[in-house]
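Scroll down for the structure; my scribbles are underneath it.
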Amino acid sequence: MSDIEPKEDLSQILRHRREKLEEVVKRGMQPFVYNYSATSSTIAAIEGFEAAEAGGTLDEEGYSEPVQIGGRLVGWRDMGRSVFAHVEDGQGRIQLYFRNSVVGESSFDALSVLDISDWIGAEGRIFRTRTGEVTVQVEGWTLLTKSLRPLPFGKVETNAQTGERTVYGGFQDQEGRYRQRYADLAVHPDVREVFRTRAKVITELRRFLDGEGFLEVETPVLQPLYGGASARPFVTHHHSLDQRMYLRIADELYLKRLVVGGFERVYEIAKDFRNEGLSRVHNPEFTMLEWYQAFSDYEDQMGLVERMLVHVLDSVVGERVIRHGDDEIPVTVPFRRLGLVSALSGALGEDVHEMSLEDLIGRAHELGISDLEGSGRGKLIDKLFGELVEPQLIEPTFVIDHPKELSPLAKVHRDDDRLTERFEMYIGGAEIFNGFSELNDPIDQRDRFEAQAALRDEGDEEAQQIDDDYIRALEYGMPPTGGVGMGVDRLVMMLTGQSSIRDVILFPILRSEE
RNA sequence: GCCUCGCUAGCUCAACUGGCAGAGCAACUGACUCUUAAUCAGUAGGUUCGGGGUUCGAGUCCCUGGCGGGGCACCA
């Protein structure tokens, strides 16, 4: 056992809790018991009571059969010889009524060792109080875990008519909530709900892909060479191999090796790591879903994305709507398709294909876009698009057919060799999906890698490296393949109405304390 | 990395131009056997984020460091 702080430095409140701990022991109670058998959750107990009430199976005085409830103490109202309290478990909360004449003198007296945020078990029959709240009349109780640090619960006022809850005080400090997510979760049921939804989303993504015949696989996190995206990596070192290793920035190149190997439909849900800044929509460690399907192209994949999104909305949200700020964005299939170059040409009022590099730089300057050094044609087009068109992509939209320089892993467009067969799907102005007809010509792939290497030599730290082993795999032959990557965190943001990625990641990256 | 706002009791927040650091909740003591933001009476609780400076006097002004929120940049 290690103390976070020496006892003499404890604040008054923490000292009082330690003293109560001693009091618990003195009374012969266990402060940290080993288990407890609840007969039902708080919610199930309430529902069971209401069913019995409606069915007329309560006794003459309106009491149910006995139940045992386990939970955390979240509210306490001491009335002298009776006490009202609330306990909360993973599902909900229920009121407890301790009455001196019911629990007995010594058991009632022992209530003095309890504090808000202790875990307790209570048993008794359920009734409805004069004010109408379904309540356990406690006949016996047990301390399960003594809490030595009070949780910052606010006071909850429940409007009897509307059931609406107002919380007073509480735990507002964002930093504290991220650093002590355990306390944030303990105090905020709605935060727990966001993460339940996140889990459901991931379950449904899996269910959907499994149903489509995809195989879930795992590929290396530690890689000798990183690739599959444009980003700076985290670098680490393996001691016994004495070798530099990178944390993956994408799963792409490994998954396509598997398609070469004969797994025709594969997917992976995995953490990727990009050594970049933090923002409302960027955490350096984030969850990515990627899948690859043999014998398909990007058109097929757009169809799959549409079906997948509808499946997740139907099964998790229950309606085909995405909340974005105060707006509700209807999700209707098929989604709009917008050619990147033609959309940008429209916004600029001239044909992007006809514009020289100097023209593009000029327009970028006019728009106040800085940091153009080292930007090639592709990056410029991308920046202009990001500035002029992207913010307007609120309803689900596939932006398609990106310039070749932007997409070193995508097949050249079958009708226009300046473009690739690629799409990015935007909702609410944010990119969620990115997919393409996968480049499977090893000679073309080497050329593209070499073009990337040239960019790299010019100082583009995000340009991709040449991956000879991947080219060797392509030389064996990869069938025509469509692939898609999706930011799981961003999708969860959309589905839960959260505006910061930190609110859908349990432990977002923060600078270390101290 | 830049801009900006913030950091005061366990929590949520006050403290006008520099002038005795405060409140509500939580805690502690007591009263109260259907309360629900329970109520009532009383008590205690502070390195005002750290360091330095100006001043008779700094939570407040200046310098410096730390951490965070928001925005920008970076990030397909």
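Chain naming here is simple, since letters A, B, ... match the order of the sequence lines and numbering starts at 1 in each. The structure presented is a predicted model; accordingly, all values stated were derived computationally and were not measured.
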Distance between P atoms of C56(B) and U43(B) (Å, rounded)
39 Å

Asp382(A) side chain: which of U33(B), C28(B), A76(B) is closest?
A76(B)

Which nucleotide in the list U33(B), C74(B), G71(B) gets nearest to the side chain of Arg280(A)?
G71(B)

By nearest atom, which of the nucleotides A76(B), A38(B), U12(B) is closest to the Asn434(A) side chain?
A76(B)

Under 4.0 angstrom, heavy atoms only, what part of the nucleic acid is His86(A) near: base, sugar-phosphate, or nothing?
base

Regarding the side chain of Asn100(A), the nearest nucleotide among C25(B), U33(B), U35(B) is U33(B)

Return no unless some side-chain N or O of Lys155(A) is found under 4.0 Å from OP1 or OP2 of A38(B).
yes

Go through C28(B), U12(B), U35(B) for me and flag the one nearest to the Met79(A) side chain.
U35(B)

Using modelled atom types only, decide if a donor and an acceptor are shared between the side chain of Ser296(A) and the backbone of Gln293(A) within a distance under 3.5 Å.
yes

Pairing nucleotide - A58(B), Watson-Crick or G-U, each distance under 3.5 Å
none

In this structure, how many angstroms lie between the P atom of C25(B) and the CZ atom of Phe153(A), rounded?
19 Å

Would you indicate what Glu431(A) reaches in the nucleic acid, counting non-hydrogen atoms under 4.0 angstrom: base, sugar-phosphate, or nothing?
sugar-phosphate

Any N/O pairs under 3.5 Å between the protein and nucleotides 1-8 of chain B? List them or say none.
none

Lys NZ or Arg CZ of Arg125(A) over Tyr63(A) ring: under 6.0 Å, within 45°
yes

Closer than 4.0 angstrom, basic N to acidic O: yes or no for Glu23(A) and Arg27(A)?
yes

Nearest to side-chain heavy atoms of Ser500(A), which nucleotide of C34(B), G70(B), U12(B)
G70(B)

Under 4.0 Å between any heavy atoms, over every strand shown, what does Phe433(A) touch: base, sugar-phosphate, or nothing? Just pick one.
nothing

If I pick the P atom on G70(B) and the same atom on C34(B), what distance separates them, to the nearest angstrom?
47 Å

Flag, side chain of Arg128(A) to backbone of Glu133(A), donor-acceptor distance under 3.5 Å:
no

For the side chain of Arg81(A) and the base of U33(B), is some donor closer than 3.5 Å to an acceptor across the two?
no

Gln464(A) side chain: which of U35(B), A26(B), A76(B) is closest?
A76(B)

Please determine whether a side-chain nitrogen or oxygen atom of Arg149(A) lies at a distance below 4.0 Å from atom OP1 or OP2 of G10(B).
no

For U12(B), the nucleotide meeting Watson-Crick or G-U wobble distances (both under 3.5 Å) is A23(B)

Salt bridge (Lys or Arg N to Asp or Glu O under 4.0 Å) between Lys256(A) and Glu252(A), worked out
CA-CA 6 Å; Lys256(A) 284 192 279 190; Glu252(A) 172 145 0; 2.8 Å; yes

Can you identify which nucleotide, out of G10(B), C67(B), U33(B), has its nearest atom closest to the Arg179(A) side chain?
C67(B)

Using heavy-atom distances to pick each residue's nearest nucleotide on RNA chain B, tell me which of Ala85(A) and Leu114(A) is more 5'.
Leu114(A)

Thr219(A) backbone acceptor or donor facing Arg248(A) side chain under 3.5 Å
yes

Will you find, in the side chains of Ser437(A) and Glu421(A), an N or O donor that is under 3.5 Å from an N or O acceptor?
yes

Please report the distance separating the P of C49(B) from the corresponding atom of C2(B), rounded so that it comes out in whole Å.
23 Å

Using atom types as modelled, flag every donor-acceptor pair under 3.5 Å from a side chain in residues 425-434 of chain A to any protein atom, sequence neighbours excluded.
from	atom 1	to	atom 2	distance (Å)
Tyr426(A)	OH	Glu390(A)	OE1	3.1
Tyr426(A)	OH	Glu424(A)	OE1	3.4
Asn434(A)	OD1	Arg422(A)	NE	3.1
Asn434(A)	OD1	Arg422(A)	NH2	3.4

Partner nucleotide of G42(B) by Watson-Crick or wobble geometry (both distances under 3.5 Å)
C28(B)

Please report the distance separating the P of G68(B) from the corresponding atom of U39(B), rounded so that it comes out in whole Å.
38 Å

From A76(B), U33(B), A37(B), pick the nucleotide closest to the side chain of Arg422(A)?
A76(B)

Starting at atom CZ of Phe84(A), determine the distance to atom C1' of A37(B), rounded to an integer number of angstrom.
16 Å

Using the C1' atom as the point on both nucleotides, what is the distance between A21(B) and A9(B), in whole Å?
11 Å

Please give, in whole Å, the distance from U33(B) P to Tyr97(A) OH?
10 Å

When Asp173(A) and Gln137(A) are each assigned the nearest nucleotide of RNA chain B, the 5'-most assignment goes to Asp173(A)

How long is the line joining CG of Asp503(A) and C1' of G70(B), in whole Å?
13 Å

Below 3.5 Å, does any donor atom in the side chain of Gln95(A) face an acceptor in the base of U35(B), or the other way round?
yes

Is there a side-chain contact between Lys383(A) and the phosphate of C74(B), meaning an N or O under 4.0 Å from OP1 or OP2?
yes

What is the distance from CG of Leu14(A) to P of C11(B), rounded to the nearest Å?
10 Å

Paired with U33(B) by Watson-Crick or G-U wobble geometry, both distances under 3.5 Å: which nucleotide is it?
none

Residues Arg72(A), Glu88(A): salt bridge by 4.0 Å N-O rule:
no

Proximity to the side chain of Arg274(A) - top-ranked nucleotide from U33(B), A76(B), A37(B)
A76(B)

Please classify the nucleic acid contact of Val156(A) as base, sugar-phosphate, or nothing, using heavy-atom distances under 4.0 Å.
sugar-phosphate

Whole Å only: how far is the CH2 atom of Trp76(A) from the P atom of A37(B)?
18 Å

NA contact type, Ser101(A), heavy-atom cut-off 4.0 Å: base, sugar-phosphate, or nothing?
base

Hey, are the side chains of Phe449(A) and Tyr470(A) touching, using non-hydrogen atoms and a 4.5 Å cut-off?
yes

If we ignore hydrogens and angles and just use 3.5 Å, is the side chain of Ser345(A) paired with the main-chain N or O of Val352(A) as donor and acceptor?
yes

Separation of the C1' atoms in G46(B) and U17(B), to the nearest angstrom:
26 Å

Using atom P in both nucleotides, what's the gap between U47(B) and C11(B) to the nearest angstrom?
12 Å

Do any pairs count as a ring pair (Phe, Tyr, Trp, His ring centres under 6.0 Å) and have a residue in residues 383-408 of chain A, sequence neighbours left out, and if so which ones?
Phe335(A)-Phe398(A), Phe398(A)-Phe423(A)

Roughly how many Å is it from CZ in Phe398(A) to C1' in A76(B), rounded to a whole number?
17 Å

Using Watson-Crick or G-U wobble geometry with both distances under 3.5 Å, which nucleotide pairs with C7(B)?
G66(B)

Checking N1-N3 plus N6-O4 or O6-N4 for Watson-Crick, or N1-O2 and O6-N3 for wobble, each under 3.5 Å, the partner of G1(B) is C72(B)

For the P atoms, the ones on U8(B) and on G42(B), what distance do you get once it is rounded to whole angstrom?
29 Å

Measure from CD1 on Ile116(A) to P on A27(B) and round the result to the nearest Å.
6 Å

